[in-house]
There are 2 protein chains.
Amino acid sequence: MARVREFDPEQAIEGATQVFWRNGFADTSLEDIVSETGVSRYGLYGTFGNKKELLVAALRHYEQSMSDMLWGDLRKPDAGKQEILEFWHSIRRHAEDEGFCNGCLIVNVAAEVAPHEPEIAAEVQRIDDDHAAVFAAAIRNGQKSGEISLKIDADGAGRMLVALSHGLALMVRAGVKPTELGGAIEAGLSILGSPDSSG
Amino acid sequence: MARVREFDPEQAIEGATQVFWRNGFADTSLEDIVSETGVSRYGLYGTFGNKKELLVAALRHYEQSMSDMLWGDLRKPDAGKQEILEFWHSIRRHAEDEGFCNGCLIVNVAAEVAPHEPEIAAEVQRIDDDHAAVFAAAIRNGQKSGEISLKIDADGAGRMLVALSHGLALMVRAGVKPTELGGAIEAGLSILGSPDSSG
DNA sequence: CCAAAAACAGAATGATAATTCTGTTATAAC
DNA sequence: GTTATAACAGAATTATCATTCTGTTTTTGG
């Protein structure tokens with residue numbers, strides 16, 4: 001027996017995600033989100049609580065959409081070296097497109113907000129741990145099947161790949177052309193064994 | 001025929017550097033810097049211009065002091081694999097100390113400020129390019145002397161090490177314990193050849 | 001000592017922005 | 001249709017902060 005909500009919360013989160021990704025947290029005002037989404041302050045506060053909680057929602061939304069777009073094959077239980085290489089090819093393709101010039105929202109938030117907000121730090125660490133574990137599992141599969149050297153430590157290498165992706169994302173956000181970073185990716189992947197030099 | 005300045009600009013920059021490192025740019029008010037340094041607003045504006053220029057000064061000061069502390073041996077013209085490994089040992093030692101829980105000022109600034117400020121972005125890129133070149137030169141030396149495989153691309157690997165350091169610094173700032181990152185460093189260094197497993 | 005120059009301390013300004021409040025409007029149960 | 005409910009639009013509130021301004025003090029050359 002009351003008025004009905006005029007906006008779709010999912011679309012609002014999507015809009016907020018774009019603004020946070022583009023501008024960062026501190027440089028995004030709620031007014032910016034109102035403009036982007038068309039949702040009123042009232043609607044945003046009523047539905048999401050406050051700016052920080054909206055960021056958490058955006059972070060989760062971003063993770064989900066990236067998971068669908070980039071991490072799907074790598075999460076399969078039998079993913080191995082091939083899937084790791086394909087993941088990075090995919091990253092390179094996307095980075096050379098528009099849209100990824102803002103780097104990675106998770107990385108941006110880790111740098112800007114996590115140090116002051118334990119809740120956000122926990123969220124970021126959860127995501128990173130998950131990604132490192134996904135890489136590590138694929139590396140172990142590759143080691144079982146003989147594609148990847150048994151000499152490397154799967155957990156260490158998994159974390160290394162996550163850290164490398166963060167560093168590269170940061171460089172892109174800070175203005176480095178993604179095309180200049182191909183060599184760094186090749187170098188990082190070379191720990192898996194003889195490099196795939198096709199692209 | 002005028003009053004003399006009561007503060008030492010170098011000390012003021014050192015103080016500002018500490019505050020920017022600890023709190024980031026947006027979350028540092030000029031009042032914070034006044035408190036930290038004891039220098040008045042007037043002195044800061046008169047000597048450094050404004051907050052952004054003060055950040056540039058802090059960044060240069062930080063780079064200089066880190067260069068002295070960490071990069072000295074690696075910059076020697078004949079530095080090779082040994083110096084690269086020692087650099088990373090040194091990083092690990094420092095990271096496990098207090099004081100480096102704030103990550104790396106250059107990385108923090110790259111993430112928070114560079115995207116909005118071309119002048120800062122240029123500064124950050126200059127530093128990164130320099131560091132990548134230092135690594136690359138040492139890798140080339142190692143390749144000449146046979147310590148490092150000729151199969152790796154020195155420039156790509158140099159950039160990779162810089163990106164990795166950025167990613168790791170970010171994780172530390174976001175709250176990850178430095179001791180958890182040793183495996184990632186080992187993995188990254190394994191591209192140079194058979195790993196130094198001593199520590 | 002006197003006066004000009006430049007540093008000092010801290011108040012004033014102006015802008016931005018997170019959050020709350022107020023009055024208005026649409027909805028649905030009765 | 002009436003009415004309670006909850007959403008809406010946007011004004012009001014409160015706070016923070018970068019920067020500038022004002023009046024004061026110190027220094028040094030005459």
Side-chain angles (χ1 to χ4, degrees), chain A residues 1-59 108-109 112-120, chain B residues 1-59 108-109 112-120:
Chain A
M1 42 173 151
R3 192 168 168 175
V4 77
R5 186 163 52 195
E6 289 174 3
F7 68 94
D8 173 15
E10 274 305 305
Q11 279 184 8
I13 291 176
E14 165 64 21
T17 302
Q18 295 301 322
V19 186
F20 282 136
W21 194 5
R22 196 186 320 129
N23 298 345
F25 184 68
D27 281 1
T28 295
S29 70
L30 238 77
E31 195 50 41
D32 293 333
I33 299 174
V34 169
S35 302
E36 176 88 14
T37 62
V39 176
S40 70
R41 255 179 293 273
Y42 177 93
L44 294 173
Y45 278 97
T47 306
F48 301 108
N50 58 29
K51 195 182 168 189
K52 196 170 89 184
E53 291 179 72
L54 191 51
L55 179 68
V56 173
L59 209 51
N108 301 348
V109 165
E112 185 191 356
V113 189
H116 312 296
E117 305 282 354
E119 188 187 349
I120 304 277
Chain B
M1 43 172 147
R3 191 169 169 175
V4 77
R5 187 163 50 195
E6 290 174 1
F7 67 95
D8 172 14
E10 274 305 305
Q11 278 184 7
I13 291 176
E14 166 62 22
T17 302
Q18 294 301 324
V19 185
F20 282 137
W21 194 5
R22 196 184 322 129
N23 298 345
F25 184 68
D27 282 1
T28 294
S29 70
L30 239 77
E31 193 52 41
D32 294 332
I33 299 173
V34 169
S35 303
E36 177 87 15
T37 61
V39 176
S40 70
R41 256 178 294 272
Y42 177 93
L44 295 171
Y45 277 97
T47 305
F48 301 108
N50 59 28
K51 194 180 167 189
K52 196 169 91 184
E53 290 178 74
L54 191 50
L55 179 68
V56 173
L59 210 51
N108 301 347
V109 165
E112 185 191 353
V113 189
H116 314 296
E117 305 282 354
E119 188 187 347
I120 303 279

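Every chain is numbered from 1 and lettered A, B, ... according to where its sequence line falls, protein lines coming before strand lines.
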Figure out the [atom1]/[atom2] separation between [X] and [N], and round it to whole Å.
{"X": "A:R5", "N": "C:dA28", "atom1": "CZ", "atom2": "C1'", "answer": "17 Å"}
{"X": "B:L44", "N": "C:dA7", "atom1": "CG", "atom2": "P", "answer": "13 Å"}
{"X": "A:E6", "N": "C:dT25", "atom1": "CD", "atom2": "C1'", "answer": "9 Å"}
{"X": "B:E31", "N": "C:dA9", "atom1": "CD", "atom2": "P", "answer": "11 Å"}
{"X": "B:Y45", "N": "D:dT19", "atom1": "OH", "atom2": "C1'", "answer": "5 Å"}
{"X": "A:F25", "N": "C:dA17", "atom1": "CZ", "atom2": "P", "answer": "13 Å"}
{"X": "A:F48", "N": "C:dT19", "atom1": "CZ", "atom2": "P", "answer": "14 Å"}

Distance below 4.0 Å between A:Y42 side-chain N/O and D:dA7 OP1 or OP2: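 Affirmative; the distance criterion is met.
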First encountered from the 5' end of DNA chain D, between A:V4 and B:V4: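 Checking each residue's closest nucleotide, the 5'-ward one belongs to A:V4.
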Residue whose nearest DNA chain D nucleotide is more 5′ - A:F7 or B:R3: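 Comparing both residues, the 5'-ward one is A:F7.
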Pairs touching residues 27-45 of chain A that satisfy salt bridge (Lys or Arg N to Asp or Glu O under 4.0 Å), sequence neighbours left out: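 Applying salt bridge (Lys or Arg N to Asp or Glu O under 4.0 Å) to every pair that reaches into residues 27-45 of chain A, excluding sequence neighbours, yields A:R22-A:E36, A:E31-A:R41.
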Nearest heavy atoms of B:N50 and B:Y45, plus distance in Å: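 Answer, listing the atom of B:N50 first, then B:Y45: CA-CE2, 4.0 Å.
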Contact pattern, 5' to 3', of nucleotides 11-17 of chain D - B, S or - by protein heavy atom under 4.0 Å: B-----S
